[in-house]
Amino acid sequence: MKNILRTALILVAIVSQAVLFGVSASNADTGNGRPEAFLTKGPPIPDESMYAPWASTRRSKTPSFSISWCGNTSATVDFYTVKFRMGNSAWSDLIPQTNDLFHTFVGSPGRTYYFRSRATNENGTIRWSGLKRTIVPYDDRQLVYKKFGWRGSVTDPDTWFYLGTVTYSKTKDQAIVYKFQGKTVSLISTKGPDRSKTKIYIDGVHRKTIDAY
């Protein structure tokens, strides 16, 4: 069955007190802002590999994020070529020829990007990496269709929230509705002892309850 791109309504409803909703970022994941930190974070990178975060907000409060790559270790890599595309568009060279292993990419909110790298070895052998996808989300208030409560908001570019804004509610049973076109949706929020459970409805159907405690 084909996936059909259509307009959907997503309802976020509070089922207990003090939930904080919004797209936010954690500076703890950035390696103190050093892009090269991606090369040492987590398990070793396999040969001909490409790394990109699933969502840009895991790395930064801005639409920019870091990507990294690694070539075939059985031979000296002469250079790398890094390619990208936005959505279903054609592939383009992001970096035609480089010996670097990381790059800071600046995306646009609401866009999905794909990345792959190619290692050209000293003997002329070409090895491609796998495909990686990164989503750059909208600001948390950009697609609001209706609000039932949810009067709390923060707008401060110096905060660590994504794009400096956050929408929140401290009252049980309030709800916020987003209208959008797409195939998937993610809720990115903070977690902690003063957070709550949130019920997610898409087109009137309950899909999931998220516990941010």
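The two residues M50 and R116 have their closest heavy-atom pair at SD-C, 3.8 Å. In terms of heavy atoms, P137 sits closest to Y162 at O-OH, 2.8 Å. Nearest heavy atom pair, residue T104 against residue S64, reads CG2-CB, 4.2 Å. Closest of all the heavy-atom pairs between P96 and T81 is O-OG1, 2.7 Å. Between K61 and P157, the shortest heavy-atom contact is NZ-O, 2.7 Å. Across all their heavy atoms, V136 and G107 have their closest contact at CG2-CA, 4.3 Å.
Using a distance-only test at 3.5 Å, with no hydrogens or angles considered, no donor-acceptor pair links the side chain of N121 to the main chain of N123. At distances below 3.5 Å, at least one donor-acceptor pair connects side-chain atoms of N99 with backbone N or O atoms of D78. Side-chain atoms of R195 do not come within 3.5 Å of backbone N or O of K197 as any donor-acceptor pair. Judged by distance alone, the side chain of D100 and the main-chain N or O of F102 form no donor-acceptor pair under 3.5 Å.
With a 4.5 Å cut-off on side-chain heavy atoms, P53 and Y51 count as touching. Using a 4.5 Å cut-off on side-chain heavy atoms (C-beta onward), V166 and T159 make no contact. When side chains are defined from C-beta on, V177 counts as touching F148, because their heavy atoms get closer than 4.5 Å. Counting heavy atoms from C-beta on, the side chains of P63 and L163 come closer than 4.5 Å. Counting heavy atoms from C-beta on, the side chains of L101 and W69 come closer than 4.5 Å. Between Y114 and W91 the shortest side-chain heavy-atom distance falls below 4.5 Å. The side-chain heavy atoms of I67 and V82, taken from C-beta on, include a pair separated by under 4.5 Å.
F79 and F84 are not part of a single hydrophobic cluster, where members link through side-chain heavy atoms under 4.5 Å apart. Linking Ile, Leu, Val, Met, Phe, Trp and Tyr whenever their side-chain heavy atoms come within less than 4.5 Å puts I202 and L143 in one cluster. By the criterion of side-chain heavy atoms lying less than 4.5 angstrom apart, applied directly or through intervening Ile, Leu, Val, Met, Phe, Trp or Tyr residues, I135 is not grouped with Y113; the two fall into different hydrophobic clusters.
To the nearest 0.5 Å, atom CZ of residue R151 and atom OG1 of residue T171 are 10.5 Å apart. Residue K208 holds its NZ atom at 9.5 Å from CD1 of I200, rounded to the nearest 0.5 Å. To the nearest 0.5 Å, atom CD of residue Q142 and atom OG1 of residue T167 are 11.5 Å apart. One distance of note links OG of S49 with NZ of K132; it measures 8.0 Å at 0.5 Å rounding. Taken from CZ in R133 to CH2 in W54, the straight-line distance is 9.0 Å, to the nearest 0.5 Å. Note that the OH atom of Y178 and the NZ atom of K147 stand 8.5 Å from one another [nearest 0.5 Å].
For R141, the salt bridge (charged side-chain N to carboxylate O under 4.0 Å, His left out) criterion is met by D139, not counting sequence neighbours. Looking at residues two or more places apart in sequence or on another chain, you find a salt bridge (charged side-chain N to carboxylate O under 4.0 Å, His left out) between K83 and D93.
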Begin from the C-alpha positions of F115 and F105 and carry the test ring-ring contact (aromatic ring centres under 6.0 Å, His included) through to its verdict. CA-CA 11 Å; F115 302 92; F105 184 87; 5.1 Å; yes
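Residue Y213 is found outside any hydrophobic cluster, as its side-chain heavy atoms come under 4.5 Å of no other Ile, Leu, Val, Met, Phe, Trp or Tyr.
Atom NZ of K146 is surrounded by 12 or fewer heavy atoms from other residues, nucleotides or ligands within 6.0 Å.
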